[in-house]
Amino acid sequence: MALEDLLDTDHQARVVWDFCLGLDLQPLYDAIRSRAGGPGRAAIDPRLCVALWLYATLEGVGSARALAWLCSHHHAFRWLAGGVTVNHHTLSDFRVDHVAVLDRLLTHSVAVLREQDLVDLNRVAHDGMRVRASAGAASFHRRPTLEECLREAEDQVARLKEELDDDPAAPSRRHAAARERAARERAERLQQALERLPELEAKKKADAKDKARASSTDPDATVMKMADGGYRPAYNIEYSTDTATLVIAAVAVTTSGSDAGQITPLGDQIHDRHGAYPGAALADGGFVTLQDIETAQAPPRGTRVYAPVPKPKDPKRDRHAPLPGDGEQVREWRTRMGTEPAKAVYRQRASTAECVNAQARNRGLLRLLVRGVQKVKAVALWFAIAHNVVCGLRLRAAAGLAV
């Protein structure tokens, strides 16, 4: 049978490819150094890689090796690949090497829907999701251990470099070069872990600063309290979702286990992407800081915050009554959250932000296979873009537009 006949006309792989055909990927094409008629192997088309990773994300495939295998054995992935040989190293590198391009693609995925009057971003819901990092608990060490490991790694790098310079045999030179590169990368990670220790020590009490630990394999990872109550190395992925359509409008990745203070940064990101601040922002109690609310609601942002008022220590005090030290915006927030209309608006948060998080979990965002904030952000952006592709299909079908 012809490969074209193996997929239905409305198959999701075709939807993904149609979306990719409308993307401006010129920065990715400009980065290709091999040219027709010149030296070097022909490069794989970046549009093909984008389509493969978007469809793989929707199908819950997060491994480059698994994706490469599917391109030879699964009809939908074979159709997307179009007979092109795909290497898992190429796929793995492509997934995390183009964060800036992915950032623009996320903006594009929302801008197209806004131009079609399908999304207005007037009301958004913020929520954080802690995702297990690719770092083991045993990789976290205190300063003395990290300094000792760094000295050993630097000695190993110097020794391997000498071996590489002295050995003229080509096969052993390649092997020594690989060992030297691995040792150098380990030394760099240890140096990054030591550089992050002051940040971790600042969060400890004065008599416990020497107990601060950083990971020697993923220095950016932080031990956080997870949804099941346990503590594990993780990253905090923040999504801002349009409450009316479930479209993801902003993405952030933090190394803090708390969401506090993220309302204003996420609102600013939406403004930077789409030229307008959201009219209202819904967030759970973990986001609440008085300064953040004061800044988010004050001009020029003017975003009305719907978040629960913390329960006071004095059970006799009305939590919604303004306090003497409150600013104008905080007083307005406290008073408003005591009204039934505000409570009704806030109830939309769980059915939007939590729904988006659950869909990301169902698509495989349970444990990260990459290390470092930038690579984790790339993965978070892939999930957001893929999610918006599906939302766009649903919204256009509901509006009677061509899909």
Side-chain angles (χ1 to χ4, degrees), residues 124-135 137 140 193 196-206 208-209 211-215 218-241 248 250-270 278 281-297 301 303 305-313 319 327 329-330 333-334 337 346 349-350 352-354 356-358 360-361 365-368 371-374 376-377 379-380 383-384:
V124 299
H126 305 315
D127 199 21
M129 176 173 46
R130 296 164 195 171
V131 184
R132 179 74 160 86
S134 181
F140 283 77
R196 192 171 177 228
L197 270 181
E199 172 195 340
L200 300 173
E201 291 170 347
K203 299 177 181 179
K204 297 284 187 180
K205 295 181 180 179
K209 291 185 180 297
K211 296 182 180 180
R213 300 170 185 264
S215 173
D218 189 358
D220 291 333
T222 305
V223 176
M224 303 179 185
K225 186 175 182 179
M226 308 299 282
D228 61 1
Y231 289 83
R232 286 181 288 279
Y235 287 89
N236 195 1
I237 297 177
E238 311 273 359
Y239 284 141
S240 292
T241 308
I248 298 176
V251 175
V253 176
T254 71
T255 58
S256 171
S258 171
D259 299 322
Q262 290 296 315
I263 296 176
T264 298
L266 289 170
D268 288 348
Q269 185 183 149
I270 293 175
L282 285 58
D284 60 29
F287 282 80
V288 174
T289 66
L290 301 186
Q291 181 59 51
D292 194 25
I293 292 175
E294 189 75 28
T295 304
Q297 293 196 158
R301 296 176 177 85
T303 300
V305 176
Y306 291 86
V309 179
K311 185 177 180 180
K313 294 181 180 180
R319 71 170 72 183
Q329 301 300 331
V330 173
W333 163 69
R334 287 187 191 273
M337 290 309 298
Y346 177 71
R349 188 202 69 82
T352 53
E354 299 290 352
V356 169
N357 287 352
R361 298 285 194 190
L365 194 54
L366 298 170
R367 178 164 185 163
L368 298 162
R371 295 171 177 172
V373 170
Q374 283 300 101
V376 172
K377 185 177 180 181
V379 172
F383 274 89

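Remark: side-chain polar atoms of Arg132 are not paired, donor with acceptor, to backbone N or O of Ala234 under 3.5 angstrom. The main-chain N or O of Met224 is never found under 3.5 Å from a side-chain atom of Thr222 such that the two would form a donor-acceptor pair. Side-chain atoms of Thr264 come within 3.5 Å of backbone N or O of Asp292 as a donor-acceptor pair. For Asn236 (side chain) and Gly128 (main-chain N/O), no donor-acceptor pair under 3.5 Å exists by modelled atom type. Looking at Arg130, its side chain never comes within 3.5 Å of a backbone N or O of Tyr235 through a donor-acceptor pair.
Looking only at side-chain heavy atoms (C-beta outward), Val379 and Ile237 stay at 4.5 Å or farther from each other. Side-chain contact between Glu238 and Asp259 is present, with at least one heavy-atom pair separated by less than 4.5 Å. Looking only at side-chain heavy atoms (C-beta outward), Tyr239 and Met129 come within less than 4.5 Å of each other. In this structure, the side chains of Val124 and Ile270 come closer than 4.5 Å at one or more pairs of heavy atoms. For the pair Val131/Arg367, no side-chain contact is recorded, criterion being any heavy-atom separation below 4.5 Å from C-beta on. At a threshold of 4.5 Å between non-hydrogen side-chain atoms, the residues Thr303 and Gln297 do not count as touching. By the 4.5 Å heavy-atom criterion applied to side chains, Phe287 and Leu266 are counted as neighbours. Between Leu366 and Arg361, some side-chain heavy-atom pair lies under the 4.5 Å cut-off.
Residues meeting the salt bridge (charged side-chain N to carboxylate O under 4.0 Å, His left out) test with Arg334, sequence neighbours left out: Asp326. Applying the side-chain contact (heavy atoms from CB on, under 4.5 Å) rule to Ala350 yields the partners Glu354; only residues at least two apart in sequence or on another chain are considered. When the salt bridge (charged side-chain N to carboxylate O under 4.0 Å, His left out) test is applied to Glu201, the partners found at least two apart in sequence or on another chain are Arg143. Listed by chain and residue number, Arg317, Arg319 satisfy the side-chain contact (heavy atoms from CB on, under 4.5 Å) test with Pro312 (two or more places apart in sequence, or in another chain). Residues satisfying the side-chain contact (heavy atoms from CB on, under 4.5 Å) criterion with Gln291, sequence neighbours excluded, are Thr295. Residues meeting the side-chain contact (heavy atoms from CB on, under 4.5 Å) test with Ala307, sequence neighbours left out: Val288, Val305, Trp333.
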Q) What's the verdict on side chain to side chain contact (heavy atoms under 4.5 Å, CB included) for Glu199 and Thr255, showing C-alpha distance, side-chain angles and the deciding distance? A) CA-CA 11 Å; Glu199 172 195 340; Thr255 58; 4.0 Å; yes
Q. Yes or no on side chain to side chain contact (heavy atoms under 4.5 Å, CB included) for Arg349 and Asp127, after CA distance, side-chain angles and deciding distance?
A. CA-CA 9 Å; Arg349 188 202 69 82; Asp127 199 21; 3.9 Å; yes
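With 3.5 Å as the limit, one finds no donor-acceptor pair spanning the side chains of Tyr346 and Asp284.
Within the model, atoms CG of Leu282 and OH of Tyr306 stand 8.0 Å from one another, a figure rounded to the nearest 0.5 Å.
No more than 12 heavy atoms of other residues, nucleotides or ligands lie within 6.0 Å of NZ in Lys225, so this atom counts as exposed by the packing criterion.
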